[in-house]
Number of protein chains: 2
Amino acid sequence: MDNPRVTIRDVAARAGVSIATVSNVFSGNKPVNADLRARVLKAADELAYQVDRAASQLRSGQARVVGVLVPDLDDVFFTSLVSQLEVLAQKDGYDILVASSRDDLGLEQSRLRTLLAWRPSGLIAVPCSDALPEALRHEIGRLPIVFADRVPPEGSVVDTVAIDNREAGEIAARHLLAKGHRDILVAASSLAISPIRERVRGACDLIRTMLGREPTVIELGSNADRGAAAFLHWLERHPQPSAVIALTNVTTLSTLSALARMRIDIPDPVSVVGFDDYPWMSARKTGLTAIRQPIAEIAEAAWNRLRARMAGDQAPPTHSVLQAGLQARDSVRDLAAGPERGNSHDPDPHPNLEGAAASPKAVH
Amino acid sequence: MDNPRVTIRDVAARAGVSIATVSNVFSGNKPVNADLRARVLKAADELAYQVDRAASQLRSGQARVVGVLVPDLDDVFFTSLVSQLEVLAQKDGYDILVASSRDDLGLEQSRLRTLLAWRPSGLIAVPCSDALPEALRHEIGRLPIVFADRVPPEGSVVDTVAIDNREAGEIAARHLLAKGHRDILVAASSLAISPIRERVRGACDLIRTMLGREPTVIELGSNADRGAAAFLHWLERHPQPSAVIALTNVTTLSTLSALARMRIDIPDPVSVVGFDDYPWMSARKTGLTAIRQPIAEIAEAAWNRLRARMAGDQAPPTHSVLQAGLQARDSVRDLAAGPERGNSHDPDPHPNLEGAAASPKAVH
DNA sequence: AGAAGCCTGTTAAACGTTTTACAGAAAAAC
DNA sequence: GTTTTTCTGTAAAACGTTTAACAGGCTTCT
């Protein structure tokens with residue numbers, strides 16, 4: 001009852017073959033005769049044999065594990081990403097090692113180091129700054145790496161997958177402008193994060209062009225509660241905007257929390273365009289109009305790129321850019337249509353004029 | 001520029017010591033003279049040496065990795081758990097290997113097998129059925145295992161950590177009864193899941209005792225959208241209840257979605273007690289009254305148990321039971337206070353009479 | 001029929017660590 | 001002054017697998 005550990009040698013003995021044959025049966029590295037194969041499988045099954053990944057990896061150098069590094073495991077956006085990646089990886093026989101950098105450069109560095117110590121066959125990361133993490137510098141040509149979501153603005157030495165963030169901001173702004181909003185507040189998480197800067201730029205550029213004046217931009221951070229407090233603080237000492245664009249799912253939460261606490265209704269007097277699309281956004285009386293990121297496609301693109309690299313693709317880095325779309329619901333008031341006040345009783349959501357279908361588009 | 005891999009041997013050569021000494025420096029297994037130690041560290045740093053975990057693990061049998069298995073990586077409850085566990089594990093120098101069973105027994109089996117192939121030093125799992133997964137049967141005395149959240153009702157052969165689910169259901173029911181509600185609907189995810197059955201039992205027992213009749217129980221599944229559709233379907237062909245208890249965070253979402261789509265207001269005419277406590281629950285005009293699970297404490301208890309086991313604790317399995325509490329907000333109407341209708345303009349949430357502080361309580 | 005080529009299976013040598021057994025030097029005990 | 005003990009470092013043997021090199025038994029080709 002207390003057999004210490006069953007190895008390939010035990011299986012070989014029981015099946016009456018050499019250990020190499022057993023290895024070949026499991027790794028599929030060399031073909032093996034059908035009935036021998038059956039004998040081996042039977043023996044392995046009876047002994048409840050499992051190949052030891054450490055030994056396997058040590059000898060072969062092949063890890064069948066990929067590291068996944070994200071900035072925050074409490075942010076649904078990132079966990080959705082992890083969830084999708086787990087499914088894709090599992091389909092291809094890979095396990096995933098997840099680590100969170102908690103948006104801290106030092107922690108990112110150390111988490112990367114420990115991930116690399118596993119000698120993974122690949123790495124998918126959402127880095128927490130624009131600079132290439134020091135720990136990855138030496139790995140550039142060696143280890144397949146894909147950056148997702150947060151990609152350096154000036155191109156990267158590794159493969160990247162992200163949405164067109166500038167356009168995402170623009171879509172939000174265009175929607176509000178089309179509905180007659182003139183006093184738009186832009187709520188960002190942090191301008192230190194380049195995709196956020198891009199979203200802000202997209203929104204601000206359009207607003208400036210159309211209205212000839214700069215919208216106000218505020219930073220609410222990456223924590224919903226603290227963000228809500230910050231926004232509350234802002235609301236108390238500034239005139240109420242007619243609409244706010246939240247550029248992140250947690251900023252959306254912060255915005256809604258603060259508005260709720262101030263007992264300010266949506267979409268009248270304040271309209272809101274949120275970011276990302278999660279069940280809670282439609283689980284409310286006035287569903288949230290939001291910019292939808294195609295998370296499944298981001299994950300898929302990242303995985304496909306990583307898989308190609310792991311298979312030996314040596315082409316220069318590619319940068320996939322996916323499209324975000326507008327998910328129109330009821331949180332934006334139509335000021336252009338007419339001056340009627342109060343909650344709209346019109347059950348029809350506004351049609352989506354902007355064309356929201358997400359489709360991949362390879363660049364560079 | 002293309003050195004293939006730097007091993008302990010290279011470091012030893014450069015530092016002018018034996019490989020055993022280098023190993024001792026890094027593993028801390030045997031003390032080593034201070035200046036030798038410094039030489040080794042310097043050499044290692046210059047070569048950017050990293051110990052190879054596969055080799056290390058193969059020889060020592062020590063993995064410094066723990067497997068984490070959850071039923072659904074898109075459910076915030078589980079990802080919060082993973083997030084907390086990642087922090088705790090990292091603090092103790094462990095990495096985590098995450099896998100999702102997607103609530104499928106077969107997948108759970110296969111995911112467990114691949115986790116076990118890593119020979120992890122421990123395993124934290126939220127199983128998807130009451131039965132001990134077949135893959136774990138052989139590991140019982142060998143591998144430290146902790147089950148969290150979903151624990152078999154009749155005790156378990158492994159350590160478990162969970163909340164008092166019966167009481168959680170009871171608290172929700174008591175709150176509604178105290179507010180004068182008589183027509184209560186219980187929305188569960190799936191009665192196949194034992195903690196859900198317990199919550200249902202807690203709520204139903206109390207309601208039966210107080211009111212002398214059985215409340216209606218419906219199953220909405222573990223997907224928010226499908227659950228919303230199911231509840232909508234139910235609402236269309238049954239009389240409106242005065243209150244609904246949602247026993248899961250996704251059932252809460254389903255419930256709110258369906259009510260929103262029916263344009264039924266909260267808390268009047270329908271009150272809602274939700275489950276779990278997430279930012280989106282307070283990011284609404286009428287904040288959600290909900291049963292709060294102490295996720296951080298669940299994670300901590302699970303990790304502490306696992307750590308003790310990994311350190312060699314051989315005591316019989318323990319079963320920690322934590323307390324859930326009521327987070328009172330504005331989604332429950334007070335029918336007892338008076339017959340006034342319409343949205344309450346009273347900004348004060350009802351005081352929490354039930355005593356919500358969560359505290360660990362060891363059992364068995 | 002004999003040589004050449006393919007299968008299919010085996011033997012043995014890695015892979016990079018940890019760890020046991022041991023050796024030499026310094027310190028302590030007699 | 002010798003012996004014992006303690007301390008530090010080293011040599012070498014694992015750990016369980018993959019894989020290169022090889023060895024037979026076939027088929028296939030001259």
Side-chain angles (χ1 to χ4, degrees), chain A residues 3-41 43-44 47-65 93 95 114 116-121 142, chain B residues 3-41 43-44 47-65 93 95 114 116-121 142:
Chain A
N3 64 343
R5 182 181 279 149
V6 31
T7 83
I8 203 174
R9 226 166 291 272
D10 303 319
V11 179
R14 180 176 257 258
V17 299
S18 76
I19 64 167
T21 302
V22 178
S23 173
N24 287 330
V25 167
F26 281 99
S27 67
N29 235 336
K30 271 171 107 181
V32 39
N33 186 300
D35 52 330
L36 263 200
R37 180 190 170 73
R39 282 220 320 264
V40 168
L41 288 175
L47 297 173
Y49 169 72
Q50 289 248 116
V51 343
D52 181 318
R53 304 199 73 143
S56 162
Q57 166 173 354
L58 171 58
R59 178 56 233 241
S60 69
Q62 299 282 307
R64 291 257 135 193
V65 60
D95 285 318
T114 84
L116 292 177
W118 287 98
R119 310 230 190 275
S121 11
R142 311 161 174 289
Chain B
N3 62 342
R5 182 181 280 149
V6 32
T7 84
I8 202 175
R9 224 166 292 271
D10 303 319
V11 178
R14 180 176 257 258
V17 298
S18 76
I19 64 167
T21 302
V22 178
S23 173
N24 286 331
V25 167
F26 282 99
S27 68
N29 235 337
K30 271 171 103 179
V32 39
N33 186 300
D35 50 331
L36 263 202
R37 180 189 171 72
R39 282 219 322 264
V40 168
L41 288 176
L47 297 174
Y49 170 72
Q50 289 249 116
V51 342
D52 181 318
R53 305 198 74 144
S56 161
Q57 166 174 354
L58 171 58
R59 180 55 234 241
S60 69
Q62 299 284 306
R64 290 256 137 194
V65 61
D95 285 318
T114 84
L116 292 177
W118 288 99
R119 311 232 188 275
S121 13
R142 312 162 175 287

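Chain A is the first sequence line, chain B the second, and so forth, proteins listed ahead of strands; every chain is numbered from 1. Only heavy atoms go into these numbers, but all of them, side chains included; no hydrogens, no water, no symmetry mates.
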K.L.:
So, the side chain of A:Ser27 versus the backbone of A:Ser23: is there a donor-acceptor pair under 3.5 Å, distance only?
P.N.:
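Here the side-chain-to-backbone pair exists.
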K.L.:
Just the rounded figure in Å: distance from P of C:dT20 to NZ of B:Lys30.
P.N.:
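Computing the B:Lys30:NZ to C:dT20:P distance gives 9 Å.
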K.L.:
Given C:dT18, D:dT17, C:dG9, identify the nucleotide with an atom nearest to the side chain of B:Arg59.
P.N.:
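Of the candidates, C:dT18 comes closest.
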K.L.:
Let me know the distance between CG of B:Asn33 and C1' of D:dT10, rounded to the nearest Å.
P.N.:
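In whole Å, D:dT10 C1' lies 15 Å from B:Asn33 CG.
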K.L.:
A:Arg9 CZ to D:dT18 P: how many Å, rounded?
P.N.:
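Computing the A:Arg9:CZ to D:dT18:P distance gives 12 Å.
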K.L.:
Atom CZ of B:Arg5 to atom C1' of C:dT17: distance rounded to whole Å?
P.N.:
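Roughly 12 Å, once rounded to whole Å.
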K.L.:
Under a 4.0 Å heavy-atom cut-off, which of residues 16-29 of chain B touch DNA chain D?
P.N.:
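Heavy-atom contacts with DNA chain D come from B:Val17, B:Ser18, B:Ala20, B:Thr21.
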K.L.:
Under 3.5 Å, side chain of A:Arg53 to main-chain N/O of B:Ala117, donor-acceptor pair present?
P.N.:
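It does not hold such a pair.
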K.L.:
Report yes if a side-chain nitrogen or oxygen of A:Ser56 is closer than 4.0 Å to either non-bridging phosphate oxygen (OP1 or OP2) of D:dT18; otherwise report no.
P.N.:
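Yes, A:Ser56 has a side-chain N/O under 4.0 Å of OP1/OP2 on D:dT18.
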K.L.:
Search all heavy atoms of A:Arg37 against all heavy atoms of A:Val25 and return the closest pair with its distance.
P.N.:
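Of all heavy-atom pairs spanning A:Arg37 and A:Val25, the closest is NH1-O, 3.9 Å.
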K.L.:
Using whole Å, what does the distance between atom C1' of nucleotide D:dG16 and atom CH2 of B:Trp118 come to?
P.N.:
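Between C1' of D:dG16 and CH2 of B:Trp118: 14 Å.
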K.L.:
Of the options A:Asn29, A:Val17, A:Ile19, A:Leu36, which is the one that meets A:Asn24 in a side chain to side chain contact (heavy atoms under 4.5 Å, CB included)?
P.N.:
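With A:Asn24 as partner, A:Asn29, A:Val17, A:Ile19, A:Leu36 yield a single side chain to side chain contact (heavy atoms under 4.5 Å, CB included), made by A:Asn29.
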K.L.:
Specify the closest pair of heavy atoms between B:Trp118 and A:Arg64, including all atoms of both residues, with the distance to one decimal.
P.N.:
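Heavy atoms only, the tightest pair is CZ2-O, 4.3 Å.
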K.L.:
Would you call A:Ile8 and A:Val51 a side-chain contact if the rule is heavy atoms closer than 4.5 Å?
P.N.:
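Of all side-chain heavy-atom pairs linking A:Val51 with A:Ile8, none is under 4.5 Å.
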K.L.:
Roughly, in whole Å, what's the span from CG in A:Leu58 to P in D:dT19?
P.N.:
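A:Leu58 atom CG is separated from D:dT19 atom P by 12 Å.
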K.L.:
Could you check how far CD1 of A:Ile8 sits from C1' of C:dT10, rounded to whole Å?
P.N.:
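Interatomic distance, CD1 of A:Ile8 to C1' of C:dT10: 13 Å.
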K.L.:
May I have the distance from A:Asp52 (atom CG) to D:dT18 (atom P), rounded to whole angstrom?
P.N.:
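For the pair A:Asp52 CG and D:dT18 P, the rounded distance is 9 Å.
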